[in-house]
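Since the model is a prediction, treat every value here as computed from it, not as a measurement. Throughout, a chain's letter reflects where its sequence line sits, starting with A, and its residues are numbered from 1.
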Amino acid sequence: MARVFLENIVKRFGKVVAVDHINLEVHDKEFLVLLGPSGCGKTTTLRIIAGLEFPDEGRVYIDDKDVTDLEPKDRDVAMVFQNYALYPHLTVRDNIAFPLMIRRKQLGLTREEIYRRVLDVAKLLRIEELLDRKPGQLSGGQQQRVALARALIRRPKVWLMDEPLSNLDALLRLQMRAELKRLQREIGITTIYVTHDQAEAMSMADRIAVMNHGRIVQVGTPDDIYFRPRHVFVATFIGAPPMNIIRCITVLKNDKLYLSCPGMEREIPRGITKYLRGDMEILLGIRPEFVDVYKEPKPGAIRAKILVVEPQGSELILNLNISPESGEETIIKVKTRALRRYSPGEIVYLEPDWTRVSLFDAKTGKAIA
Amino acid sequence: MPRRRRTRLVLIFLLPELALILSFVLVPIIGTFIISFKTSHGYGVGNYYSVITERSPDRALVIPENIIKAQPPPWGALVHNIIWVAIHVPVVVFLGLTLAYLLRDVVGSSIVKSIMFLGMVIPMVVGGLLIRFMFDSDLGVIPVFLRELGIKSLAHTWTNYPQTALIALILGSVWLWTGFSLTVYAAALESLPKSYIEAARVDGASDFQIFFKVVFPLVKHATIIVVVMTMLWDLKIFDIVFVSTRGGPGGATNVMALVMYNYFARALDYGKSAATAVILALISLIPGIWFIRRVVRPSAEKR
Ligand SMILES: Nc1ncnc2c1ncn2[C@@H]1O[C@H](COP(=O)(O)OP(=O)(O)OP(=O)(O)O)[C@@H](O)[C@H]1O
Ligand SMILES: [Mg+2]
């Protein structure tokens with residue numbers, strides 16, 4: 001039972017502003033994912049919540065209690081470190097047991113009970129055969145699961161996890177994601193989970209906070225983040241391949257606003273024209289998944305030339321130039337089902353799902369409307 | 001490179017060193033060994049027997065005869081060395097590690113560490129003199145301090161009284177040697193990733209638990225180095241004793257190396273001097289061999 005609230009947090013390391021005025025509320029029992037590129041301040045944010053780093057500005061609240069000045073041990077949080085931080089002199093069993101052993105008296109647990117719980121967690125993470133080894137004798141992925149086990153054995157107010165699955169192979173990672181999510185649901189511990197893997201974020205999060213350069217760019221459900229990016233950074237960070245961004249300008253003709261892009265021109269729907277004027281630079285965002293590809297000309301469709309075909313199993317990614325007539329190239333990627341054969345040099349016709357495109361202000365990068 | 005040629009090359013490069021070691025280390029050692037068995041009537045263990053059973057206060061190894069009747073402690077040089085090790089080693093380990101740990105992230109800690117390390121830099125002869133001053137009844141910090149506290153019985157010149165002379169020297173050697181321990185531990189803590197301590201802090205460990213359950217086990221290598229080097233230093237201790245008390249009063253601060261010196265330079269009895277040297281060397285071999293097995297060999301195998 002815990003709510004975490006970050007109020008205007010700033011953390012500087014010399015000249016680097018690692019965390020830049022972050023405001024974030026994590027609800028009770030929520031699984032919140034901090035997602036962002038390397039160096040954007042995810043670990044620093046987590047360390048501030050854990051109490052390992054003291055913010056230069058702002059306050060940290062857990063359960064409406066100001067914990068900014070509290071020691072880590074008084075905050076009742078458990079953390080999975082990005083670099084594992086397993087004690088090299090202890091066996092895997094004693095590493096996992098450590099958080100309970102040091103408070104054995106307060107918790108009123110016997111050694112046997114603790115070791116039984118160690119075994120349960122180890123089974124969940126499939127490391128039960130490794131319990132007698134030392135961390136130095138484990139692979140990276142095994143060490144990572146031990147680090148996770150050391151956090152999962154506790155029942156703190158908040159679980160803080162810094163890329164806890166990054167070193168596992170693809171299959172194991174999928175399984176562990178599901179296990180972790182299920183466990184978190186069952187026990188209902190508020191969890192803040194750091195990753196730079198968007199697929200992980202999408203599949204596990206109740207809400208995602210996307211970070212860039214120390215700021216939170218958008219907080220929302222995975223759906224919000226995917227379908228309604230509030231910033232061009234979110235649009236281009238999420239999705240594989242990410243959203244296509246095409247540089248366009250608005251044109252005012254006969255009292256109507258048009259979006260003029262390389263290779264196409266379209267009237268802008270009435271609903272959002274109030275935010276726009278003529279001669280504005282606009283970024284048009286189109287998800288590769290939301291474009292239909294036709295081999296025959298179609299009214300209103302965009303004529304494009306195939307440059308590269310990337311097979312992806314059941315799907316294909318086409319790299320297309322949508323302004324083949326003009327000298328310059330405007331390249332977009334389109335994902336389509338591999339039902340037909342395409343070859344480089346071929347001319348095709350594209351019809352984006354115009355209800356699902358995004359428009360961004362080219363200057364600020366913010367979404368329009 | 002073929003194995004044979006490599007071996008030959010290694011031998012060629014090692015040859016000068018081997019020659020030097022042979023002529024200046026091995027030969028004198030063997031020479032000492034031979035002399036130690038040489039008595040006035042041929043070869044035998046007579047020197048060893050008389051060295052160990054010797055009871056005159058300035059040469060006794062185990063138990064001296066009590067010239068001054070009520071004189072504690074009634075022990076010989078070998079026992080003094082052992083007492084020295086028994087007190088000095090744990091104190092130095094404890095002080096070095098706690099100081100290094102507390103000074104870890106403190107601004108200006110390098111200045112404190114430098115001052116502590118001064119004890120290592122000054123010549124031990126000077127160190128011996130300083131110990132005498134430190135415990136002098138008029139000049140010394142400790143007697144003056146104790147007098148202020150009202151403990152009159154200990155406000156005398158410590159090195160002049162058999163009851164306090166040895167402990168004064170041992171305490172002085174703590175002051176001279178803690179810099180070494182501090183430096184070794186500081187380096188070990190430096191190379192310890194911060195995240196171990198951080199993980200323990202998040203897991204709810206108290207400072208006490210962090211120190212004993214995480215930090216101390218993780219600097220085990222440094223502890224082995226400090227323990228062994230301190231033991232060896234204590235066993236062969238000579239200069240500070242020679243300068244400050246010459247083993248006195250009444251043999252109360254006598255140590256093995258001083259006994260060896262007394263046989264050699266005062267009694268001109270080379271056989272007994274050599275026998276004392278061999279005994280000292282054999283005792284020193286115990287920590288030495290342990291050290292090599294624990295620290296030097298394992299790291300050589302890792303490569
Ligand atoms: N102790 C420190 N001293 C100086 N700079 C630091 C320190 N810790 C972090 N930084 C800087 O702060 C910024 C944010 O770092 P942080 O570790 O939070 O990034 P991250 O989002 O966790 O990245 P990654 O995904 O690579 O782990 C980086 O520019 C980093 O160089
Ligand atoms: Mg990080």
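In terms of heavy-atom proximity, P72(A) sits nearest to R201(B) at CD-NH2, 3.4 Å.
In this structure, chain A has heavy atoms under 4.5 Å from both the backbone and the side chain of E198(B). Interface residue K213(B): backbone and side-chain heavy atoms are both found under 4.5 Å from chain A. Neither the backbone nor the side chain of R75(A) comes within less than 4.5 Å of any heavy atom of chain B.
The neighbour count for R8(B) CZ, taken as heavy atoms of other residues, nucleotides or ligands under 6.0 Å away, does not exceed 12. Surrounding CG of D120(A) are more than 12 heavy atoms belonging to other residues, nucleotides or ligands, all under 6.0 Å away. Residue R104(A) places its CZ atom among more than 12 non-hydrogen atoms of other residues, nucleotides or ligands, all under 6.0 Å distant. In this structure, F13(A) places its CZ atom where more than 12 heavy-atom neighbours from other residues, nucleotides or ligands lie under 6.0 Å away. Counting non-hydrogen atoms of neighbouring residues, nucleotides and ligands closer than 6.0 angstrom, the CZ atom of F5(A) exceeds 12 such neighbours. Other residues, nucleotides and ligands contribute more than 12 heavy atoms inside 6.0 Å of the CG atom of L20(B). Annotation: M120(B), atom CE; neighbour count of heavy atoms from other residues, nucleotides and ligands within 6.0 Å is above 12.
Scanning residues 185-197 of chain B against chain A with a 4.5 Å non-hydrogen threshold yields S195(B), Y196(B), sorted by number. For residues 85-103 of chain A, the interface with chain B (any heavy-atom pair closer than 4.5 Å) comprises A85(A), L86(A), Y87(A), P88(A), H89(A), F98(A), P99(A), I102(A), R103(A), sorted by residue number. Contacts from residues 51-61 of chain A to chain B, taken as heavy-atom pairs separated by less than 4.5 Å, involve G51(A), L52(A) in sequence order. Using non-hydrogen atoms only and a strict 4.5 Å limit, the part of residues 127-155 of chain A facing chain B consists of R150(A), R154(A).
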